[in-house]
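Residue numbers start from 1 in every chain, and the chains themselves are labelled A, B, ... in the order their sequence lines are given, proteins ahead of strands.
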Amino acid sequence: MTKERDSALPRRTVLKGLGAGSALALAGGMPRYVQAQTSEPIRLGFQLHRTGIGAVYGRWYQRTTEAALKVLNEAGGINGRPVEIIFEDDGTDPKRGSEVFEKLAVQRKCDLVFGALFSHVVVGTAPRAAELRVPYLVCSEGHHVAAGLNRWTLQPGITDVRSQVISMAPWVSSNLGKKVTMIYPDYAFGFDHRDFFQEAMKAQGGEVIELIPVPPTETSFTRYLPRIPSETEVLYHVMVGPAVLTFVKELGEFYGTGAHPEIFGFIDSLEGISTESPGLEFLEGSHFWEGMPRYRQPDSTEFDAFYRKAVGVDDSGAAVGDPKDVSTYAHMFSCWETLFVIKKAMEAASYKGPDDRQAIVEAMEAMTTFADSREHPQGDKVFNGRTHQVFGHQFISKVVGGKLEVVQRTAIEDGFYPDAVDYTTMPF
Amino acid sequence: MTGGVRVWALHLAVLVALALAPLVVPPYHATNLARIMVLAVFAMGYNIAFGYTGLLSLGHALLLAAGMYATGLLVAHGGWTAGPALLAGALAGAGVAFVVGLLALRTTGAAFMIVTLMFAQAGYLTILYFGDLTRGDEGFTLAREARTLFGLDLVTDATRYSAALALFAAGLIGCLLLVRSRTGRVLVAVRENSERTRMLGYDPFRARLLALTLSGLYAGTAGAAYALLFGYVGASFATVQYSVLALLWVLLGGAGTVLGPLVGTLVMFYLVDFAGNLTDATLFVVGAALILLILFARTGLLGTLRARALAWLP
Amino acid sequence: MDLGPFLFLATLEGLVSAAVLALTAVGLGLVFGVMRVVNVAHGEFFMLGAVVAWAVTNLMPGAPALGFVAALALSPLAAALVAIAADRAILRRLDYAPEAVIVATIGLGYILQQGALSLYGPEARAVAAPFSFRIQFPWFGYSGYKLAVIVFAALVLTGVWALLTRTKIGLVMRATQWDRETATAFGIDTDRVYALVFGLGAGLAATAAVLVAPISQAHYLMGGDPLLLSFAVVIIGGLGSLRGTVIAALLIGLTDGIVGVFFAPTLGKILATLLVALVLVFRPQGLFGRKTA
């Protein structure tokens with residue numbers, strides 16, 4: 001018993017910043033069988049894109065999560081219990097994703113599973129999560145949870161693409177131009193950009209004058225560039241996968257030093273790639289959406305500094321000691337923040353074991369706001385329990401000297417849209 | 001035991017073992033087995049075309065996807081119930097295979113591989129093109145309520161397993177009956193020597209078209225069943241990866257053996273699964289294991305077993 | 001943009017992709033023609049070429065052109081050595097049984113992919129072009145390097161043609177392709193020929209990749225598409241016909257480029273794919289292949 005008390009002492013001091021709620025839950029969670037309870041670790045499963053098209057993200061998702069886990073455990077874990085995370089490769093494939101979920105939840109007996117980014121993996125896995133009645137927390141920006149999957153699937157770590165896109169429209173239309181041409185991949189991720197940006201642009205008095213959906217099998221884009229109408233004021237581009245470097249280079253060759261429209265893109269295309277790479281010079285002066293600013297800004301918070309240091313990312317967004325190893329900074333915070341939301345939910349639910357899984361979901365649905373903090377280094381957020389979706393600030397950055405400088409931080413409300421689902425009324 | 005009895009005894013024993021498996025193995029492996037059985041139906045279909053008839057297709061993902069999307073779209077957008085939708089999926093697989101066959105079977109060998117490959121690629125892109133309906137690569141899920149077949153809730157593990165087993169058993173028995181029938185022997189004859197078969201009065205084109213259509217029936221049914229049993233429909237199943245996987249499963253288990261597709265699917269599944277427990281470099285382990293397996297069993301596991309010990313294995 | 005310049009641009013793009021495709025395909029065709037096996041790992045040798053090119057150009061000090069020339073020499077060599085080792089260690093032990101080779105080369109492909117992922121990493125990395133100048137047409141600009149790729153590819157293909165038709169090694173290869181048993185009877189060491197052909201095939205794929213890397217980039221999953229397309233090129237061209245391979249590459253490259261002008265992008269891709277497939281349906285022996293029974 002004394003041993004317990006010893007280890008609980010430093011925990012308390014670190015817990016200071018975490019708020020009274022969790023501290024109370026912590027106290028409530030340690031009744032008579034403290035010893036047995038604390039020795040049994042909480043086991044979380046992580047669906048990892050270690051191989052396949054998502055591998056760049058996967059590598060940084062794992063690093064971020066391990067860093068967050070270290071911070072979490074040093075601060076006493078969850079409900080005083082240590083936490084361990086089992087990473088399992090899903091090959092960025094929806095079929096394997098569902099199998100991996102099964103493995104983590106059933107064979108490895110994880111209390112819940114989180115981590116997936118790519119939408120097809122999320123959608124392919126979600127049915128199994130509901131069948132097994134195991135919470136599934138996705139670190140994906142796809143607009144799938146809020147569009148309607150099931151009650152066991154939640155997105156508490158990162159704003160969805162619909163919200164990102166509509167919060168960009170006001171700034172784009174008032175600063176870059178009203179006539180937009182969109183180039184986007186001809187699949188679901190692209191459809192969301194197409195539909196929601198178009199709608200939001202119209203609301204701002206702008207218009208999308210041309211849509212150029214690119215088949216995902218394409219590795220070269222030059223031939224689509226003549227489709228860009230000459231009266232285009234803003235070229236909006238979003239690409240995923242390795243071909244984006246080609247895209248930007250070809251855009252540069254196509255327009256050269258002559259007049260060209262303003263360029264606005266989603267950083268997704270350049271996650272893991274340095275904006276200072278050879279061939280990307282054409283991006284100079286163009287703008288990007290960022291989920292979290294890759295380059296440390298003059299007004300970055302202490303929480304960003306803490307997070308950067310913990311994960312091992314330098315002020316340019318690359319791995320400390322290896323400037324070529326560029327992080328996926330605009331997305332990977334979602335793993336970090338999701339882990340701390342898990343902590344909060346498990347503590348609020350006084351989680352003891354798999355029988356309390358439903359209580360985790362209910363605890364999350366009861367959440368409303370997250371404060372700007374070490375647990376939420378990207379910034380404060382609003383959580384909508386009905387749609388299982390979190391909403392945060394978005395960033396617009398300009399490429400200056402090859403580096404990204406934030407020029408706008410949107411308000412959380414800019415990204416709100418009417419609820420499409422109400423999970424709280426659905427059965428478990 | 002006469003040959004026939006021995007063959008039936010073996011295959012029924014395999015089915016009985018599969019039926020008893022969920023009572024013995026941990027639940028994790030039971031779900032895996034259900035999945036493996038559905039995919040093995042796809043592989044069995046591939047085996048009818050490739051293993052028995054010699055049609056090396058690189059486009060079977062198209063047939064799998066035809067079944068999956070026919071069923072999935074009819075359930076999700078057409079409001080169909082699972083039974084008719086499953087039937088539609090099976091027919092879609094057979095129908096697409098028949099149409100592809102009419103054109104592709106004008107070619108043989110490598111040209112057949114390429115034609116089927118390109119048709120399948122066109123099919124994959126078609127799914128993306130109609131993204132408003134299919135949600136492209138992301139795919140869509142089937143509502144829980146819709147996944148009920150003849151009053152059985154396919155979402156519960158026990159019924160899911162039984163449904164997968166029933167499907168697999170039907171496929172296995174169908175395949176066994178086929179290869180032991182006169183038609184089956186014609187298919188093998190077409191594979192071995194198409195000209196001689198023609199001289200014996202059989203039309204090789206018709207035999208191949210039949211084999212491909214049957215193969216499509218299997219693939220389509222597997223796709224449809226996957227959608228209903230696991231609740232997800234997505235374009236990744238239409239990529240060339242799944243055409244190659246079908247080929248790999250069949251070659252690994254033993255092309256032209258009735259149980260080979262099951263063995264190949266099973267081995268490959270657990271190879272990937274175990275590799276994940278051993279190391280982060282999973283592809284390395286899988287690749288090395290494939291090479292070693294094929295070095296020791298050049299005609300696949302059951303093909304080699306048949307050559308070395310069990311000559312009666314169909 | 002008007003239709004004229006649009007078509008002109010599509011044609012340029014089609015020519016560039018045809019050049020790369022022909023170069024990738026010629027190696028695969030050689031292996032398939034002489035050894036009668038499908039090398040599923042061919043695309044991974046392509047990938048290996050690009051990845052090694054990245055490494056070489058990064059390690060090489062001085063002007064990018066220097067590193068590029070070094071890569072052009074070292075990448076194919078590296079790929080060829082890996083291929084020859086694989087031939088000796090695996091394919092020969094399988095007696096080149098076509099079906100077993102498919103499984104083995106799928107396995108080899110996984111290993112190469114994992115090697116690239118573990119050693120090189122998951123990200124796409126840019127490879128600097130040996131020179132960069134931009135050609136300004138009245139309607140649009142175009143990369144001078146892309147045009148140079150067409151010339152490079154033509155040179156390499158001419159070299160392969162000369163090797164096959166003008167040298168003793170070429171003669172030996174063609175003899176082995178014609179009939180392995182007879183070639184053996186005439187004292188040709190067909191084992192060595194096979195190893196050479198397999199190495200040469202991989203080397204040619206790697207050469208194509210070095211050329212393409214500055215246009216696109218090096219990425220560990222880049223091998224998938226070239227494998228499928230170059231396989232299609234080989235068969236549509238007609239097995240054993242270098243001329244056929246080049247023309248089929250032009251056919252695929254230009255069809256894809258030009259059909260794409262008139263339709264929505266994905267629909268254009270679908271139609272171009274079907275169109276090319278139909279060529280083979282109505283000419284199963286390929287454009288320049290001999291008709292077999």
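A 4.5 Å side-chain heavy-atom check between B/Leu283 and C/Ile111 finds every atom pair outside the cut-off. Two residues are said to be in side-chain contact when any heavy atoms from C-beta on lie closer than 4.5 Å; C/Leu280 and B/Phe112 fail this criterion.
When all heavy atoms of C/Tyr110 and B/Gly287 are compared, the closest pair comes out as CB-CA, 3.9 Å. Counting all heavy atoms, side chain and backbone alike, C/Pro284 lies closest to B/Thr107 at CB-CG2, 3.8 Å. For the residue pair B/Gln121 and C/Thr273, the shortest heavy atom distance occurs at CB-CG2, 4.2 Å. The minimum heavy-atom distance between C/Ile235 and B/Ala110, with the atom names listed, is CD1-CB, 3.5 Å.
Here CG of B/Leu117 is found 8.5 Å from CZ of C/Phe231. Values are rounded to the nearest 0.5 Å. Note that CG of B/Leu251 and CD1 of C/Ile106 are 7.5 Å apart. Values are rounded to the nearest 0.5 Å. A distance of 5.5 Å separates CD1 of C/Ile270 from CG of B/Leu125, quoted to the nearest 0.5 Å.
For C/Val101, no part lies under 4.5 angstrom from a heavy atom of chain B. Interface remark: B/Leu247 contributes side-chain atoms only to the contact with chain C (heavy atom separation under 4.5 Å). There is no contact between B/Leu105 and chain C, counting heavy-atom distances below 4.5 Å. With a threshold of 4.5 angstrom between heavy atoms, B/Phe296 does not approach chain C through any atom at all. Heavy atoms of C/Phe282 lying under 4.5 Å from chain B belong to its backbone as well as its side chain. The parts of C/Ala104 that come within reach of chain B are both its backbone and its side chain, each placing non-hydrogen atoms under 4.5 angstrom from that chain. Contact annotation for C/Ala272: neither backbone nor side-chain heavy atoms come within less than 4.5 Å of a heavy atom of chain B. Contacts of B/Leu292 with chain C are absent, with no heavy-atom separation under 4.5 Å from either backbone or side chain.
Between chain B and the residues C/Leu278, C/Leu274, C/Leu267, the largest count of heavy-atom pairs under 4.5 Å involves C/Leu267. Interface check for chain B: of the options C/Arg93, C/Arg283, C/Gln113, the most heavy-atom pairs under 4.5 Å are formed by C/Arg93.
Of the residues listed (C/Ile90, C/Val103, C/Ile102), the one engaging B/Ile294 in a side chain to side chain contact (heavy atoms under 4.5 Å, CB included) is C/Val103, and it is the only one. When each of B/Val285, B/Thr282, B/Thr279 is paired with C/Gln114, the side chain to side chain contact (heavy atoms under 4.5 Å, CB included) condition holds for B/Thr282 and for no other.
Atom CZ of B/Arg196 has 12 or fewer heavy atoms from other residues, nucleotides or ligands within 6.0 Å. Counted within 6.0 Å of CZ on B/Phe284, heavy atoms from surrounding residues, nucleotides or ligands total 12 or fewer; the atom is thus considered open. When the shell of 6.0 Å around CZ of B/Arg206 is examined, it contains 12 or fewer heavy atoms from other residues, nucleotides or ligands.
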Check: So B/Tyr129 and C/Lys269, side-chain contact (heavy atoms from CB on, under 4.5 Å) or not? Walk me through it.
Finding: CA-CA 10 Å; B/Tyr129 185 64; C/Lys269 269 266 184 279; over 6 Å; no
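B/Arg298 places no side-chain N or O within 3.5 Å of a backbone atom of C/Ala100 that could act as its donor or acceptor partner.
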